[in-house]
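Just below is one structure, and these are the notes that go with it.
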2 protein chains.
Amino acid sequence: MGVSERGPRERMVFSAAQLIRRDGVMATGMREVAAHANAPRGSLRHYFPGGKEQLVNEAVAWAGQYAARRVARFMAALSEPTPSGLFAAMVQQWTDEYRASGFEGGCPVAAATVDCAQSTDSTRDAAADAFARWTRPVAEALTDMGVPADEAEPLATLMISALEGALLIARAERDDRALTVVARELGPLLDSRARQPSPGD
Amino acid sequence: MGVSERGPRERMVFSAAQLIRRDGVMATGMREVAAHANAPRGSLRHYFPGGKEQLVNEAVAWAGQYAARRVARFMAALSEPTPSGLFAAMVQQWTDEYRASGFEGGCPVAAATVDCAQSTDSTRDAAADAFARWTRPVAEALTDMGVPADEAEPLATLMISALEGALLIARAERDDRALTVVARELGPLLDSRARQPSPGD
DNA sequence: TCGCTACTATGACAGCTGTCATAGCGGCAT
DNA sequence: ATGCCGCTATGACAGCTGTCATAGTAGCGA
């Protein structure tokens, strides 16, 4: 509920993101997106006059926004916020999905980067924006947990890099080993960069 | 010289890897591979009776072997081998390429994973093999530098994960920032896991 | 010369892609 | 009811894809 009440336009963007993260941008057809979204094919042109490029870009932007929102949720769910706890939560979202539903999909932003970084400049921009939008709340969360301001963004970039790379390996291996490994190995480093929290917290 | 003396078959595999890392698997056509390799189109079927799937898989395997070989070279080039030095060399290979030739291509194994992990099982296997073949020499180098045996492979996975993820971000941003960041941030962690080398080395 | 083998050339095939043009529907305001 | 507008339906288009069938060439051994 709630999900299916969205308009066809939003459903198509969502479906595009889902199909892209499964099969890549090039292998995802527009007719397929419409069918997956239970949206009429005749509306594709109406909602996305910019063609596939526009649809893909919006799907990538949606994915970036989604990832950013998740960061806030993870922070809210942590009883004692620590950098390693946040990273573990980000990783766990994926291990949970992979264990529950199989290794079908990866990150749509990664897929867009691989398939369009060279061919479609606007999509490459959309992917860069998505990464930036995702990095920002992570860096802010780190500063809130006591990481010095000039170290927060680099650490956030490291977290997202390690997560994206581990996602690739996990999907290739059909095993979440790489994901759990990076969470375990990177955790202590992340916490060591944070000031000790004041006892009164 | 030497490069162009290879047979057409090997040239096609090499060209396939190059084109795949630029445009992805799906956007890379077989006619395009033959043309790029200056190989006759009529030979495609003869050398690769398994079709595109076989060609892609061999390109991925080639990339994995190439990455593995590079590790040995990096180790040999380091005057004082340290984990952070090895990782810095792995990263620098990419920053050098990006600074010199632009952000045209990424990692072919990553591209194959994104495009084929769900659709083509044999290619997913090839990608997993490539990652494994790449991880092994890294882990062995780490043990040689004093990293405990049970920590070497996880650390190698972390290094490759961070590198692959940073590659994606760098390509999307057309900026090697993410690459240099992960090298700088991960270096101390890697060295801290190695025993102090004996003074006599 | 014959035959065999390795390799190449060429063209055709069905299938799919994104794009576009045209037409039609339904509802709402005037 | 009239006209407009958001939305949809349908079909066609050229272009490309991987695959395949057929034929042809060069070279080498007997």
Side-chain angles (χ1 to χ4, degrees), chain A residues 4-20 22-60 108 111-112 114-116 118-124 126, chain B residues 4-20 22-60 108 111-112 114-116 118-124 126:
Chain A
S4 61
E5 289 168 6
R6 285 195 259 248
R9 208 201 114 101
E10 195 173 352
R11 288 207 313 274
M12 284 195 270
V13 173
F14 179 79
S15 286
Q18 266 192 280
L19 293 175
I20 286 171
R22 265 158 84 122
D23 306 318
V25 172
M26 281 318 199
T28 297
M30 310 214 71
R31 293 163 172 85
E32 190 189 0
V33 170
H36 183 274
N38 274 105
R41 174 168 92 84
S43 303
L44 271 173
R45 190 145 198 77
H46 185 255
Y47 288 120
F48 307 97
K52 184 177 187 178
E53 189 172 335
Q54 180 185 358
L55 176 57
V56 169
N57 293 359
E58 293 201 23
V60 170
V114 163
D115 278 350
C116 306
Q118 181 62 17
S119 60
T120 316
D121 223 51
S122 71
T123 304
R124 205 214 64 236
Chain B
S4 60
E5 289 169 5
R6 286 195 256 250
R9 209 201 112 102
E10 195 173 350
R11 288 206 314 273
M12 285 194 269
V13 173
F14 179 80
S15 285
Q18 266 192 280
L19 294 175
I20 286 171
R22 265 157 84 121
D23 305 318
V25 172
M26 282 317 198
T28 297
M30 310 214 69
R31 293 164 171 86
E32 191 188 359
V33 170
H36 184 275
N38 274 104
R41 175 168 92 83
S43 303
L44 271 173
R45 192 150 193 74
H46 184 254
Y47 288 120
F48 307 97
K52 184 177 187 178
E53 188 172 335
Q54 180 185 357
L55 176 56
V56 169
N57 293 359
E58 294 200 25
V60 170
V114 162
D115 278 349
C116 306
Q118 181 61 18
S119 61
T120 316
D121 224 51
S122 71
T123 304
R124 205 214 64 239

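To find a chain, count down the sequence lines: A is the first, B the second, and so on, and within it residues start at 1.
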Taking CZ from Arg31(B) and P from dG15(D), how many angstroms apart are they, rounded to a whole number?
15 Å
Work out which heavy atom in Ala59(B) is nearest to a heavy atom in Ala17(B); give both atom names and the distance.
CB-N, 3.7 Å
Mind checking the CD-CG spacing from Gln118(B) to Leu19(A)? Nearest 0.5 Å is all I need.
11.0 Å
Using the 3.5 Å cut-off, write out each protein N or O paired with an N or O of nucleotides 6-10 of chain C and the distance between them.
unit_1	atom_1	unit_2	atom_2	d
dT8(C)	OP2	Ser43(B)	OG	2.1
dT8(C)	O5'	Ser43(B)	OG	3.0

Between atom CD in Gln54(B) and atom P in dT19(D), what is the gap in whole Å?
10 Å
Is the shortest heavy-atom distance from the side chain of Arg9(B) to the side chain of Phe48(B) under 4.5 Å?
yes
When rounded to whole Å, the CD to C1' distance for the pair Glu32(B) and dG18(D) reads 14 Å
Protein-nucleotide distance (Leu44(A), atom CG; dC20(C), atom P), rounded to Å:
13 Å
Glu53(A) atom CD is separated from dT17(C) atom C1', nearest whole Å, by 16 Å
Are any of the side-chain heavy atoms of Met26(A) and Asp115(B) separated by less than 4.5 Å?
no
When rounded to whole Å, the CE to P distance for the pair Met30(B) and dG18(D) reads 7 Å
Leu19(B) CG - dC16(D) P separation (whole Å)
16 Å
Write out a two-atom table: protein N or O, nucleotide N or O from nucleotides 21-23 of chain C, distance below 3.5 Å.
none

For the pair Arg11(A) (side chain) and Arg6(A) (backbone), establish whether a donor and an acceptor sit closer than 3.5 Å, ignoring hydrogens and angles.
yes
Which residues share a salt bridge (Lys or Arg N to Asp or Glu O under 4.0 Å) with Glu53(A), sequence neighbours left out:
none
For Leu55(A) and Val33(A), run side-chain contact (heavy atoms from CB on, under 4.5 Å): C-alpha distance rounded to whole Å, both residues' side-chain angles, the deciding distance at 0.1 Å, then the answer.
CA-CA 10 Å; Leu55(A) 176 57; Val33(A) 170; 4.0 Å; yes
Figure out the CG/C1' separation between Leu55(A) and dT19(C), and round it to whole Å.
14 Å
Chi angles and distances behind the side-chain contact (heavy atoms from CB on, under 4.5 Å) call for Arg22(A), Gln18(A)
CA-CA 6 Å; Arg22(A) 265 158 84 122; Gln18(A) 266 192 280; 5.6 Å; no
What closest approach, in Å, do Pro108(A) and Ile20(A) show between heavy atoms, and which atom pair accounts for it?
O-CG2, 4.0 Å
